Enquirer: 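Below is the structure I would like to discuss, written out as structure tokens.
These numbers come from the heavy atoms of this one structure, side chains and all, not from hydrogens, waters or symmetry mates. Here is the naming used below: chain letters follow the sequence lines, and residue numbers restart at 1 for every chain. For clarity, every value in this text was computed on a predicted model and none was experimentally measured.
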There are 2 protein chains.
Amino acid sequence: MHASLRARSHVWNADTVTTPPPGLPPPGLRERKKQATREALREAALRLAVERGPEQVRVEDIAEAAGVSPRTYNNYFASREQAIVSAVTADREARIAAAVAARPAGVRLADAVTEAAVEQYTNTSEREHQALLLITTQTALRDAFLDTTAGIEPPLTAVIAERLGDAGAHTARVLAASVAAAIRIALEGWLRPAGNAEAAGSFGAGGLVVPSGSLPDQLRAALAPLAPAFDAAERRTQP
Amino acid sequence: MHASLRARSHVWNADTVTTPPPGLPPPGLRERKKQATREALREAALRLAVERGPEQVRVEDIAEAAGVSPRTYNNYFASREQAIVSAVTADREARIAAAVAARPAGVRLADAVTEAAVEQYTNTSEREHQALLLITTQTALRDAFLDTTAGIEPPLTAVIAERLGDAGAHTARVLAASVAAAIRIALEGWLRPAGNAEAAGSFGAGGLVVPSGSLPDQLRAALAPLAPAFDAAERRTQP
DNA sequence: CAGGAAAAGTGCGTGCACGCAAGTTTGCGT
DNA sequence: ACGCAAACTTGCGTGCACGCACTTTTCCTG
């Protein structure tokens, strides 16, 4: 059944250490240390991966560099790849949701989502771009990065549900998942240039794929087909 | 960031042993033995999982029961869970695509897809239902089963692309991925009853989720929001 | 300001995924 | 029929994910 498209790829978030939804009381020392550890691991993982090749970094090294035990390391990250990728991902999931919520209630929901996504993926900081190059070099990292999109679903579901009202809660879930899938496709197409020919799966006819434009273009193109669904959903709540 | 929703879950298809798209020449001895081995492993995995608990089955046991080395086992399956789940899944991916292609060209594409999905998931054979009960007992199996939906995407992309023409190749990909996501959601909702309360993720408002109807209902409900997107895509090719 | 419970960190052991480098079988051309 | 090349199998070694039981840290409540 098809080639090894998408091999092993631990989907996001297998950590034991839970981070509760931002509580109103001051975070408390406990939370702050947790986040500090998390960032220390992220940082160490990325730094080591850049210094030596990503292949030459064992979890033991990351843990040591961050000053924790290896066992603790994987209370935070389910795989070596996650640790590295999370450094460039940070909390983009939450930022996208926030960006959608920030748009005035007047605009089309489809546009709000699309622009929010484009916006959050084009903020290409300096180190982030450097790390992206690193990611493209290794399939495992590439996959881990793509799996990041799954994390967008829950917060996006929340904001969409907010706009659609309680009646559309179910619809919101499906739309959010579709958006996540579309974004994944856009990212796939974007960082394809690394010459693998057997990309699009193995089905008969049209072997032509768009020659991969810029990321914003890819995102808009991938999200466009979903716009009618958003419009219909919106229309159903505000006739 | 959220609880451990969707922990480790090796996405489908990490096998080394490739199965080329069905060639026209007679399969040849090589292919037949490969499929035989695959089925022997599937069968052994399921049988052992049913006899003792799924937890009490090591890879070594499965391999031995199938008469191959443990190393060969994971040339076919990337995880223990895949082997077990694949016994109930068989090639449902291809069947769904075929079912879509089978529908007359006159019907709405959205309907064709929905009905094809419902049809292929309601053929609950005897042993299959038994195995589904087994799956619900263990989170790892549940996740592996849900990840099966990812495999629907490639063949579904092909048939949808066929109906939309080459212009809609890109759209087809996004729609297929959305359908896969929707089906996943439907399945999630369906085999939820196993009392876990922290299901829907952790976002503020509406904690009400539909009390999970039958599988066909869940599927139709999950796919309905995508219908407008299909209609629009179809309209664009045949005005 | 205790004291005790909850949560995070740690050491250890087990089974597993997977790369590598033979060995073995199958298929095909001459 | 022969033999070569490609494909599959296998043994071995390595690093890793993760459960369990235990220690340490943080937080809350009387």
Side-chain angles (χ1 to χ4, degrees), chain A residues 3-4 7-20 23 25-38 40-41 45 48 54-64 66-84 138-140 143-144, chain B residues 3-4 7-20 23 25-38 40-41 45 48 54-64 66-84 138-140 143-144:
Chain A
S4 67
R8 160 183 73 93
S9 73
H10 301 197
V11 178
W12 215 236
N13 246 337
D15 28 34
T16 295
V17 179
T18 64
T19 298
L29 181 59
R30 210 186 189 86
E31 274 313 304
R32 271 181 292 144
K33 288 189 82 168
K34 225 172 3 181
Q35 290 306 330
T37 300
R38 210 185 212 98
L41 285 169
L48 292 178
E55 202 63 54
Q56 305 305 322
V57 178
R58 292 171 312 176
V59 293
E60 186 185 342
D61 304 331
I62 301 175
E64 183 185 3
V68 299
S69 89
R71 184 63 184 82
T72 291
Y73 155 85
N74 82 281
N75 285 343
Y76 284 89
F77 297 103
S79 78
R80 199 175 61 256
E81 291 77 19
Q82 271 191 17
I84 299 176
Q138 239 204 174
T139 307
D143 290 345
Chain B
S4 67
R8 162 180 73 92
S9 72
H10 302 198
V11 178
W12 215 238
N13 244 336
D15 29 34
T16 294
V17 178
T18 64
T19 298
L29 181 60
R30 211 186 188 86
E31 274 314 304
R32 272 182 290 144
K33 286 189 82 168
K34 223 171 8 180
Q35 291 306 331
T37 300
R38 201 182 279 273
L41 285 169
L48 291 178
E55 201 64 54
Q56 304 306 321
V57 178
R58 289 172 312 174
V59 170
E60 188 186 342
D61 303 331
I62 301 176
E64 184 186 3
V68 298
S69 89
R71 184 62 184 83
T72 291
Y73 154 86
N74 83 278
N75 285 343
Y76 284 88
F77 296 101
S79 77
R80 198 173 62 255
E81 291 78 20
Q82 270 192 17
I84 299 175
Q138 236 204 175
T139 307
D143 290 346

Enquirer: Could you state the CZ-C1' distance from B:R38 to D:dT9, rounded to the nearest angstrom?
Expert: 15 Å
Enquirer: Could you give me the CA-CA distance, side-chain angles and deciding distance for A:V59 and A:N74, then say whether side chain to side chain contact (heavy atoms under 4.5 Å, CB included) is met?
Expert: CA-CA 9 Å; A:V59 293; A:N74 82 281; over 6 Å; no
Enquirer: Roughly how many Å is it from CD in A:E55 to P in C:dC18, rounded to a whole number?
Expert: 13 Å
Enquirer: Side-chain contact, heavy-atom cut-off 4.5 Å: B:Y73 with B:E60?
Expert: no
Enquirer: Just checking A:T72: base, sugar-phosphate only, or nothing, at a heavy-atom cut-off of under 4.0 Å?
Expert: base
Enquirer: For B:L41 and D:dC8, what is the distance between atoms CG and P respectively, to the nearest whole Å?
Expert: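 Interatomic distance, CG of B:L41 to P of D:dC8: 15 Å.
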Enquirer: Side chain of B:E31 only, heavy atoms from C-beta on: which candidate in D:dC18, D:dC8, C:dC18 is closest?
Expert: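 Selected nucleotide: D:dC8.
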Enquirer: Is the phosphate of C:dG15, meaning OP1 or OP2, less than 4.0 Å from a side-chain N or O of B:R80?
Expert: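 No, because none of the side-chain N or O atoms of B:R80 sits under 4.0 Å from OP1 or OP2 of C:dG15.
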Enquirer: It should be established whether A:K33 places a side-chain nitrogen or oxygen under 4.0 Å from OP1 or OP2 of nucleotide D:dT25.
Expert: no
Enquirer: Please report, rounded to the nearest Å, how far the C1' atom of D:dC18 is from the CG atom of A:N75.
Expert: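 One finds 9 Å between C1' of D:dC18 and CG of A:N75, rounded.
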Enquirer: Using whole Å, what does the distance between atom P of nucleotide C:dC16 and atom CD of B:E81 come to?
Expert: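 Going from CD in B:E81 over to P in C:dC16 covers 10 Å.
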Enquirer: Write down the distance between CZ (A:R32) and C1' (C:dA8), rounded to a whole number of angstrom.
Expert: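 In whole Å, C:dA8 C1' lies 16 Å from A:R32 CZ.
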Enquirer: Could you check A:R58 against B:G67 and say which one's nearest nucleotide on DNA chain D is further toward the 5' end?
Expert: B:G67
Enquirer: D:dC8, OP1 or OP2 - any side-chain N/O from B:K34 closer than 4.0 Å?
Expert: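 For B:K34, the contact criterion (side-chain N or O under 4.0 Å from OP1 or OP2 of D:dC8) is met.
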Enquirer: If you assign A:E60 and B:S69 each to the DNA chain D nucleotide with the nearest heavy atom, which residue ends up on the more 5' nucleotide?
Expert: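 On the 5' side of the pair lies B:S69.
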Enquirer: Taking OP1 and OP2 of D:dT9, is either one under 4.0 Å from a side-chain nitrogen or oxygen of B:Y76?
Expert: yes
Enquirer: Measure the distance from CD on A:E64 to P on C:dG9 and round it to the nearest whole Å.
Expert: 18 Å
Enquirer: Which nucleotide, C:dA17, C:dT10, D:dA17, lies nearest any side-chain atom of A:V68?
Expert: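 For the A:V68 side chain, the nearest candidate turns out to be C:dT10.
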Enquirer: Whole angstroms only, please: what is the CG-P distance between B:D143 and D:dC18?
Expert: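 Nearest whole value for this atom pair: 11 Å.
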Enquirer: Which is it for A:Q82 and A:Y76 under the side chain to side chain contact (heavy atoms under 4.5 Å, CB included) test, yes or no, and what are the steps along the way?
Expert: CA-CA 9 Å; A:Q82 271 191 17; A:Y76 284 89; over 6 Å; no
Enquirer: Please say whether more than 12 non-hydrogen atoms of neighbouring residues, nucleotides or ligands are located less than 6.0 Å from CD in A:E64.
Expert: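 For A:E64, atom CD is not crowded (no more than 12 foreign heavy atoms under 6.0 Å).
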Enquirer: Just by modelled atom types, is the A:A140 backbone N or O under 3.5 Å from a matching donor or acceptor in the A:D143 side chain?
Expert: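 Not confirmed, A:D143 side chain does not pair with A:A140 backbone.
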Enquirer: Regarding A:R71, tell me which of base, sugar-phosphate or nothing describes its non-hydrogen contacts under 4.0 Å with the strands shown.
Expert: base
